[in-house]
Amino acid sequence: MSITWKLIPFGPTLMKKMYQETTTRLLSSSSSNHHPPEPRVYVRKKRVKKNLEISAEEEEKLQPQQPIRHQKISGLPDIEDFEYKKTSKISELHPTTPYIPVTTTHHRSVKRASNFAKPPGNWAKVLEGIRKMRSFEDAPVDSMGCEKAGSSLPPKERRFAVLISALLSSQTKDHVNHGAIQRLLENNLLTADALEKANEDTIKSMIYPVGFYTRKASNMKKVANICLSKYDGDIPSTLEDLLQLPGIGPKMAHLVMNVGWNNVQGICVDTHVHRICNRLGWVSRKGTNQKTKSPEETRESLERWLPKEEWVPINPLLVGFGQTICTPLRPQCGRCSIVDLCPSAYKEAASPKSTAKKSQKRNNLS
DNA sequence: TTCCAGTGTC
DNA sequence: GACACCGGAA
């Protein structure tokens, strides 16, 4: 079988495209337990408006295609006091996104479900500021690209390739992964069948020098085995099942759900998203004002308020920002255009705690 | 020498 | 929460 693999550079242009695709996808889907209320409010609003402009007869005809209209979704209360006349403004801050629920009208007219949190003030302004900074400067995430499998692959093979790519790319520089994936592909080792049969040392040599290649080679074989025996060579289609695979944690599981199945189940939170959201004061431990302790906690906190159309693009946006300006050590607040909106601006310690701790440990040992 | 970065294990 | 896993860049 001849398959081609292509890595797509992930830059501002692709990000724009992803915005549009994600938005289209979200508007056309109505299933998820994690929707913050805003996008759905817009859907209802749009339908109401549309229906007013057409005749009753036409509306009757449209009924079967309008499943969202009277649907109560995932605990969002029915909107009794909803006023469609106060039409939502299309945000000037988001030229690439058809709708962003930033107007106060939404908040006043909608009863919020208790498990949704109030968005932090200025979040849209902050995101737009970061987006602007990102458009001026390339970050490693832009040129290296995340694992976007070639569109010419059949769906099942493509999904498996996405899974393996995710497995390899965690904890590693992306250009290294690129090489590893290419070698696997050239040797026809990018299917569950081939991987399961392949020698572990062969796999090891193919993926070297990807980070933690020994463990990953062993995980790849295990994953291939599970995919073959339980999923007929395909990959698991739910978050829970993906998490059962060795070497697949929350971050990669969300990524695979999104890229592999085109199904946004949650925000892909890595160390950059985790760090920056905490610096911005966007997330907190449930019921407190304390910072979140883990990326998982950050994901849950963020999902309580961030509109779903931002769930996908926020990762490349913040990763790039975190690689260039809002770095873990010595963040470059002097170069940041949103310092006025950032509660942590210029507040990070000059010498990181971890280093101090390690030095102390070394001194104690010697 | 330190740091990167997500997962797994204790 | 601490630490191991990896090679390589800074």
Side-chain angles (χ1 to χ4, degrees), chain A residues 138-147 162-181 183 200-201 203-223 226 236 239-259 266-279 285 290-300 302 315-316 318-332 348-366:
Chain A
D138 271 349
V141 68
D142 295 328
S143 55
M144 303 310 177
C146 58
E147 44 300 296
V162 166
L163 179 67
I164 292 301
S165 186
L167 193 83
L168 286 179
S169 75
S170 85
Q171 314 126 288
T172 306
K173 302 275 181 286
D174 286 304
H175 65 280
V176 178
N177 294 323
H178 189 165
I181 288 287
R183 283 190 295 278
E200 197 168 311
D201 286 335
I203 302 176
K204 232 196 253 185
S205 65
M206 292 285 158
I207 63 175
Y208 180 90
V210 154
F212 317 124
Y213 61 92
T214 311
R215 184 175 288 171
K216 279 179 186 172
S218 135
N219 282 344
M220 277 163 74
K221 275 205 72 125
K222 287 180 198 160
V223 163
I226 295 170
L239 205 64
E240 291 72 25
D241 292 340
L242 279 169
L243 286 168
Q244 301 297 313
L245 303 175
I248 297 290
K251 194 217 155 174
M252 291 309 167
H254 280 106
L255 188 73
V256 172
M257 279 309 284
N258 175 24
V259 179
I267 301 170
C268 190
V269 173
D270 58 21
T271 178
H272 297 287
V273 177
H274 174 57
R275 178 182 71 253
I276 295 168
C277 286
N278 273 295
R279 280 182 181 164
R285 309 200 78 178
Q290 297 169 329
K291 290 183 170 185
T292 56
K293 300 250 180 184
S294 65
E296 265 300 270
E297 221 172 9
T298 298
R299 183 182 59 75
E300 284 168 28
L302 199 57
N315 180 278
L318 294 193
V319 170
F321 182 52
Q323 286 169 333
T324 53
I325 294 173
C326 201
T327 47
L329 291 174
R330 293 175 285 277
Q332 304 184 36
E348 294 274 329
S351 80
K353 271 184 202 165
S354 60
T355 309
K357 259 189 202 165
K358 277 175 193 166
S359 308
Q360 199 184 357
K361 208 174 169 182
R362 260 203 315 278
N363 292 339
N364 290 344
L365 284 172
S366 62

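Reminder, nothing fancy here: chain letters follow the sequence lines and each chain counts from 1. Values below: every heavy atom of this structure, side chains too, minus hydrogens, waters and symmetry copies. Please read all numbers here as calculations on a predicted model, not as lab measurements.
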Just jot down the salt bridge (Lys or Arg N to Asp or Glu O under 4.0 Å) partners of [X], sequence neighbours excluded, or say none.
X      : result
A:E200 : none
A:E297 : A:R285
A:R279 : A:E348
A:K204 : A:D201

Would you classify [X] as touching base, sugar-phosphate or nothing, given that sugar-phosphate means primed atoms plus P, OP1 and OP2, and contacts are heavy atoms under 4.0 Å?
X      : result
A:K293 : sugar-phosphate
A:N219 : nothing
A:P295 : nothing

Extract all donor-acceptor atom pairs below 3.5 Å that involve side chains of residues 239-256 of chain A and protein atoms in other chains or at least two apart in sequence.
{"from": "A:D241", "atom 1": "OD2", "to": "A:T238", "atom 2": "OG1", "distance (Å)": "3.1"}
{"from": "A:H254", "atom 1": "ND1", "to": "A:P250", "atom 2": "O", "distance (Å)": "3.0"}

>> Using a strict heavy-atom distance below 4.0 Å, which residues from residues 240-247 of chain A are in contact with DNA chain C?
In response: none
>> Can you check the distance between B:dT7 and C:dA9, where both ends of the measurement are the P atom (answer in whole Å)?
In response: 24 Å
> Taking atom P in both C:dA10 and B:dA5, what distance in whole Å separates the two?
Replying inline: 13 Å
> According to a strict under-4.0 Å criterion, is A:Y213 in side-chain N/O contact with OP1 or OP2 of C:dG7?
Replying inline: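 Answer yes for this pair, as a side-chain N or O of A:Y213 is under 4.0 Å from OP1 or OP2.
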>> Side-chain N or O of A:T214 versus OP1/OP2 of C:dC6: is the shortest distance under 4.0 Å?
In response: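 Yes, such a contact exists.
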> Is A:F212 stacked on the base of C:dC6, with ring centres under 5.5 Å apart and planes under 30° apart?
Replying inline: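 Here the ring of A:F212 and the base of C:dC6 are not stacked, as the 5.5 Å and 30° limits are not both satisfied.
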